[in-house]
Enquirer: 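Questions regarding the structure given below will be posed in turn.
Heavy atoms only: backbone and side chains are in, while hydrogens, waters and symmetry mates are out. Every number for a ligand or one of its atoms is a count from 1 in the order of the listing. This is a predicted model, so every value here is computed, not measured.
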Amino acid sequence: MNTMTMREFDSAKREPRARAAAEVNVEEPFNVEEMFFSRTDKRGVIEAYNSIFIRVSGFSSEELKGAPHKLIRHSDMPKGVFWLLWNGLESGVPVGAYVKNKTKDGRYYWVFALATPVEGGHLSMRIKPTSPQLALVEQLYRDIRKLELEEKLSAEDSARLILSKLAELGFDSYGAFQAHALHQEFEARRKALGMPAYNDLRNTETIAVTSEKLRHELDELTKKFKGAELLTANMKIFAAKLAVGRATINEIAKNYDLMLNDIRNHLNTLVVPLMGSGIWDAPKELSAYFMICASHLMTEMCEFFESQKSGVPGVDCESEKDYLIGLQKAYDKQSQKAVEYGVQSAASIQRRAEFLRRMVLGLSTIRIACRVEAGMLRGKAKGLETIVSRLDVFHDEIEAHLETIQQHVSTILLSADDFA
Ligand SMILES: Cc1cc2nc3c(=O)[nH]c(=O)nc-3n(C[C@H](O)[C@H](O)[C@H](O)COP(=O)(O)O)c2cc1C
């Protein structure tokens, strides 16, 4: 029996002592600045929480403590979301998810939850979702839940369906979606509370947007070099028809081809793979957003918890504070690592782009040899001028791409400097 089935088995045995009333379509309000958390053991049995969780859920401290977290499960929630939650936690990664919960009197409230494995279990911090993304997710969950019930899908199949719907929306993995969603919610909340923008997020945004442009530029360059094969092929066809100068033009075309091949190989090393293909993989820049937002939110959560001096029945606040501070430090470390990765890859692209520039210079020398030959054969090799001017256009385009790549790399390195 794997850990997942053990948990399900365990959870099924543990029915909550308290029960919520029948669901009513009424929202339970809470304020944007209010943050709450709960900490569970490895099976999802609640061990600790803050006072906002008690107030919003409507359950007493006695009812919450020792109860499985499904106590507040709302029937509108697709089970695939929980499959993803547990899959992430059991893989040791933080999971961000929109969750519709049920209060004791059957009302509902939406949260954006960030759950992370901690010593002995898991901790989930929650904020009020305020970004337009929530409406999208509500619709997505409605569609998935309907299918889940109609087609009696397993939790895993429902999770697969969620992943395929997210892919249609442009998210290649759940990791990419949760990073985007947390960033959106973080920014919407910050604006709603009138808080100033964070410098590290602004810099990360510049790095993310510029890295995307850099990738696009490198793709375009790769396509251009691929297209250049046609130029040398034409040159060889042309040479074959020549009475004079055939060997020279052929030699030039061959050398140009060899150099093109070297450049193409070098370009392949420049195009860094964007991400792995697992559920939790995400582009590095998105991971940086995720961790930076998580770190800021956890700092706020610590302060918020600290400010609620009245204490929480049944909870050792000092030891909970240690859990929160520990998580904040872990997020902080992860965000620094993600940012450093972005900076290192920009620096490495810069070095390799410089090498590429030198190779292109070598290619340009061969082009000049071709132009000289065309001049010497004037009249005897009609059409060679056309090939030479096509080569000129090709080289101008390559130069323009290299220039743009250089600008992007400089922008990334400047933003990275601003972090320090
Ligand atoms: C730290 C943590 C927080 C959780 N928070 C919630 C929550 O807010 N709402 C919820 O329905 N389930 C939450 N769960 C998931 C539940 O344990 C459970 O998987 C879910 O309610 C579905 O229950 P079921 O699979 O038994 O139907 C949480 C689990 C963990 C580990």
Side-chain angles (χ1 to χ4, degrees), residues 3-20 23 28 30 34-50 52-59 63-104 106-129 137 141 144-145 148-149 152-159 162 178 185 294 297-298 301 315 320 323-324 326-327 330:
T3 48
M4 188 72 171
T5 23
M6 251 176 76
R7 181 193 61 76
E8 281 168 350
F9 174 72
D10 218 66
S11 153
K13 273 200 312 184
R14 268 185 158 271
E15 280 307 316
R17 288 184 301 266
R19 282 198 182 277
E23 285 168 10
E28 177 66 34
F30 66 99
E34 289 182 316
M35 306 176 93
F36 50 111
F37 77 90
S38 58
R39 186 176 56 74
T40 70
D41 67 8
K42 283 200 188 318
R43 304 162 301 167
V45 173
I46 301 172
E47 292 193 331
Y49 32 82
N50 67 343
I52 308 286
F53 188 39
I54 300 179
R55 194 198 78 219
V56 177
S57 71
F59 288 102
E63 287 169 325
L64 287 175
K65 200 161 182 170
H69 225 305
K70 72 171 176 189
L71 174 68
I72 56 166
R73 190 200 197 295
H74 197 284
S75 67
D76 285 351
M77 279 301 289
K79 45 189 177 178
V81 176
F82 297 116
W83 186 92
L84 286 164
L85 172 79
W86 282 104
N87 180 278
L89 292 177
E90 283 166 7
S91 313
V93 298
V95 181
Y98 287 91
V99 184
K100 184 177 187 177
N101 277 326
K102 181 165 71 165
T103 68
K104 187 174 180 183
R107 295 179 184 216
Y108 72 86
Y109 62 94
W110 277 97
V111 293
F112 186 82
L114 179 63
T116 311
V118 291
E119 179 75 40
H122 313 287
L123 191 145
S124 170
M125 166 187 64
R126 302 169 186 107
I127 56 170
K128 190 179 179 70
V137 169
Y141 283 9
I144 302 277
R145 185 68 179 143
E148 221 177 71
L149 294 171
K152 297 191 172 55
L153 295 182
S154 69
E156 187 170 351
D157 285 343
S158 161
I162 293 173
Q178 67 172 6
E185 291 307 335
L297 282 175
M298 201 41 100
M301 179 78 249
V315 173
E320 284 322 303
Y323 276 107
L324 297 174
L327 257 188

Enquirer: Are side-chain heavy atoms of Met298 and Phe37 found at a separation under 4.5 Å?
Expert: no

Enquirer: Would you call Tyr108 and Lys102 a side-chain contact if the rule is heavy atoms closer than 4.5 Å?
Expert: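 They are not in side-chain contact.
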
Enquirer: Out of Phe82, Trp86, Phe36, whose heavy atom sits nearest atom 22 (C) of ligand 1?
Expert: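 It is Phe82 whose heavy atom sits nearest to atom 22 (C) of ligand 1.
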
Enquirer: Under 3.5 Å, is there a donor-acceptor pair between the Ser158 and Glu148 side chains?
Expert: yes

Enquirer: Nearest non-hydrogen atom to atom 23 (O) of ligand 1 belongs to which of Lys42, Lys70, His69?
Expert: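 Looking at heavy atoms only, Lys70 sits closest to atom 23 (O) of ligand 1.
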
Enquirer: Does some side-chain heavy atom of Arg73 sit less than 4.5 Å from a side-chain heavy atom of Phe82?
Expert: yes

Enquirer: Could you say whether the N/O atoms of Asn101 and ligand 1 ever approach to under 3.5 Å?
Expert: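 Yes, there is a polar N/O contact under 3.5 Å.
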
Enquirer: Which bit of Val111 is near ligand 1, meaning a heavy atom under 4.0 Å away: side chain, backbone, both or neither?
Expert: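 For Val111, no heavy atom sits under 4.0 Å from ligand 1.
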
Enquirer: Is it the case that ligand 1 has an N or O less than 3.5 angstrom from some N or O of Arg73?
Expert: yes

Enquirer: Distance under 4.0 Å to a non-hydrogen atom of Ile72: what atoms of ligand 1 satisfy this?
Expert: 7 (C), 8 (O), 9 (N)

Enquirer: With a 4.5 Å cut-off on side-chain heavy atoms, are His74 and Tyr109 touching?
Expert: no

Enquirer: When the ring centroid of Tyr141 is compared with that of Tyr98, is the distance short of 6.0 Å?
Expert: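 Ring-ring flag for Tyr141/Tyr98: false, centres at least 6.0 Å apart.
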
Enquirer: For Leu89, counting its heavy atoms only, list the atoms of ligand 1 lying under 4.0 Å from any of them.
Expert: 31 (C)

Enquirer: Less than 6.0 angstrom from the centroid, inside 45 degrees of the normal: does Arg126 satisfy that with respect to the ring of Phe53?
Expert: yes

Enquirer: Using a 4.0 Å heavy-atom cut-off, say whether Arg126 meets ligand 1 through its side chain, its backbone, both or neither.
Expert: side chain

Enquirer: Quick one: which of Thr40, Leu114, Leu85, Thr116 has a heavy atom closest to atom 29 (C) of ligand 1?
Expert: Leu85

